[in-house]
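Each remark here refers to the structure printed beneath this line.
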Number of protein chains: 2
Amino acid sequence: MQTMQKLKAVGVKPSITRIMIYDYIFSTKDHPNVDEIFITLKETLPTLSKTTVYNTVHLLKTHRLIKAYAMPNHEMRYDANLDVHAHFLCASCGQITDVLIDVCDIVQTVISENCIDETVITFHGTCSKCQTSV
Amino acid sequence: MQTMQKLKAVGVKPSITRIMIYDYIFSTKDHPNVDEIFITLKETLPTLSKTTVYNTVHLLKTHRLIKAYAMPNHEMRYDANLDVHAHFLCASCGQITDVLIDVCDIVQTVISENCIDETVITFHGTCSKCQTSV
DNA sequence: TACAAATTTGTATTCATTATAATTTATATT
DNA sequence: AATATAAATTATAATGAATACAAATTTGTA
Ligand SMILES: [Mn+2]
Ligand SMILES: [Mn+2]
Ligand SMILES: [Zn+2]
Ligand SMILES: [Zn+2]
């Protein structure tokens, strides 16, 4: 689907800024942070402000067009891949690679290629207690 | 094992401050952040400083006695449970609960009880490229 | 064109974490 | 015990990503 259609579909007005920010997150596979998005797009959008990047990723995230992952070094990385998938974070070069998991053989897939120090699996949602207390 | 033994085993001098900080993280099951540790232990260690809490969790993490998890709200949570396990983070009450996973039926376990909005699985380690370039 | 609404920008602020240096405490030596 | 040395703890300042807020610009519509 075209980016413009994706934005319209969730009720977000497809301004050129928003399209370019989404497109960048979608096209690059390296899970960029706000700085990377800002610096890269600044070249083609000279008036772009970092605040707009923050606003836009927040907007895109709110409308579930992208996902945000908190990294160990306290920065957010953004990802347009909405499929449930794992990430491999290299302690040496910092690269974040997608790990397409089959749920069942999660560990196997990665262990074969990389040296795993730690596995972090987090589910976000609403707990049963909070669901009933609404 | 006694906390004192655990600290000695990794070459960390078991001062009363360190013992109490580790014990607190170990005994409480709610994955405390630095503030919670500080405020709670301040009652029995009146001279405790927040810097010491930061120093100590860093020390414990370096020696692999605890794990640190970056949360979406940009704070670190600490955990003395070293087993590979998942976490369920409630969007409503903020509670972080352990999810003991059998690797194979990761999703099943949680889906039955809670309402999952997002699943984050991250592996930390050294990628194959970086392993060879040493 | 004129007006209102939405979008973008610039600046100030927040707050968890880190850096640095001073102070206190523990350990070793004479 | 007194002194010297090292380690641990504390206090304060600095960092930096993220947010809050208000002004400015752009867009949509009458
Ligand atoms: Mn990804
Ligand atoms: Mn846990
Ligand atoms: Zn690497
Ligand atoms: Zn809850």
Side-chain angles (χ1 to χ4, degrees), chain A residues 3-4 7-8 10-25 31-63 65-79 94 96, chain B residues 3-4 7-8 10-25 31-63 65-79 94 96:
Chain A
T3 295
M4 196 178 293
L7 298 182
K8 280 181 182 171
V10 295
V12 171
K13 196 178 290 184
S15 70
I16 181 65
T17 310
R18 288 169 178 172
I19 290 175
M20 290 193 70
I21 290 176
Y22 175 83
D23 273 347
Y24 181 71
I25 299 171
H31 310 82
N33 59 13
V34 163
D35 255 48
E36 181 182 329
I37 299 169
F38 174 71
I39 291 170
T40 308
L41 295 185
K42 184 85 176 176
E43 294 175 18
T44 38
L45 292 175
T47 66
L48 184 66
S49 79
K50 202 175 281 188
T51 304
T52 299
V53 181
Y54 274 108
N55 290 341
T56 305
V57 293
H58 181 263
L59 187 75
L60 295 174
K61 180 172 151 48
T62 300
H63 290 85
L65 288 172
I66 62 173
K67 290 192 171 190
Y69 297 106
M71 290 293 123
N73 57 324
H74 318 115
E75 72 177 10
M76 282 294 191
R77 295 292 197 129
Y78 299 93
D79 193 348
I96 301 169
Chain B
T3 295
M4 197 178 291
L7 298 181
K8 280 181 180 170
V10 295
V12 170
K13 195 178 291 184
S15 70
I16 181 65
T17 310
R18 287 168 177 172
I19 290 175
M20 290 194 70
I21 290 176
Y22 175 83
D23 273 347
Y24 182 72
I25 298 170
H31 311 82
N33 60 13
V34 162
D35 255 47
E36 181 182 329
I37 299 168
F38 174 70
I39 291 171
T40 308
L41 295 186
K42 184 86 175 175
E43 294 176 20
T44 39
L45 292 177
T47 66
L48 184 66
S49 80
K50 203 174 280 187
T51 305
T52 299
V53 180
Y54 274 107
N55 289 342
T56 306
V57 292
H58 181 262
L59 187 75
L60 295 174
K61 180 172 149 50
T62 300
H63 290 85
L65 289 172
I66 62 173
K67 289 193 172 190
Y69 297 107
M71 291 292 125
N73 57 325
H74 320 115
E75 72 178 10
M76 282 294 192
R77 295 292 196 130
Y78 299 93
D79 194 348
I96 302 168

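Every chain is numbered from 1 and lettered A, B, ... according to where its sequence line falls, protein lines coming before strand lines.
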Open item on the list: What does the B/S/- profile of nucleotides 11-21 of chain D look like, 5' to 3', with a 4.0 Å heavy-atom cutoff to protein?
Closed with: BB----SBBB-
Open item on the list: As an exercise, state the distance from CE of B:M20 to CD1 of B:I37, rounded to the nearest 0.5 Å.
Closed with: 12.0 Å
TODO: Can you sort out which residues in residues 14-21 of chain A have a heavy atom within less than 4.0 Å of DNA chain C? Ascending by number, please.
DONE: A:S15, A:T17, A:R18
- [ ] First locate atom NZ of A:K61, then atom CG of A:D79, and finally report the distance between them rounded to the nearest 0.5 Å.
- [x] 11.5 Å
Task: Which residues share a side-chain hydrogen bond (donor to acceptor under 3.5 Å, both in side chains) with A:N33, sequence neighbours left out - done: A:E75
Task: Atom pair CD1/CG of A:I21 and A:L45 - distance to nearest 0.5 Å - done: 8.0 Å
Would you tabulate the pairs of protein nitrogen or oxygen atoms and nucleotide nitrogen or oxygen atoms of nucleotides 26-30 of chain D closer than 3.5 angstrom?
none

Open item on the list: Taking NE2 in B:H63 as the centre, count heavy atoms belonging to other residues, nucleotides or ligands within less than 6.0 Å. Is the count above 12?
Closed with: yes
Task: Listed once per pair and sorted, the salt bridge (Lys or Arg N to Asp or Glu O under 4.0 Å) pairs that draw on residues 31-51 of chain B, sequence neighbours left out - done: B:D35-B:K50
- [ ] Decide yes or no for B:N55 and B:L59: does some side-chain heavy atom of the first lie under 4.5 Å from some side-chain heavy atom of the second?
- [x] no
Task: Whether A:T52 side chain and A:L48 backbone form a donor-acceptor pair below 3.5 Å - done: no
Task: Interatomic spacing from OH in A:Y54 to CZ in A:F38 - rounded to 0.5 Å - done: 10.5 Å
Open item on the list: Going by side chain to side chain donor-acceptor pair (under 3.5 Å), name the pairs with one or both residues in residues 10-22 of chain B, residues two or more places apart or in two chains.
Closed with: B:K6-B:Y22
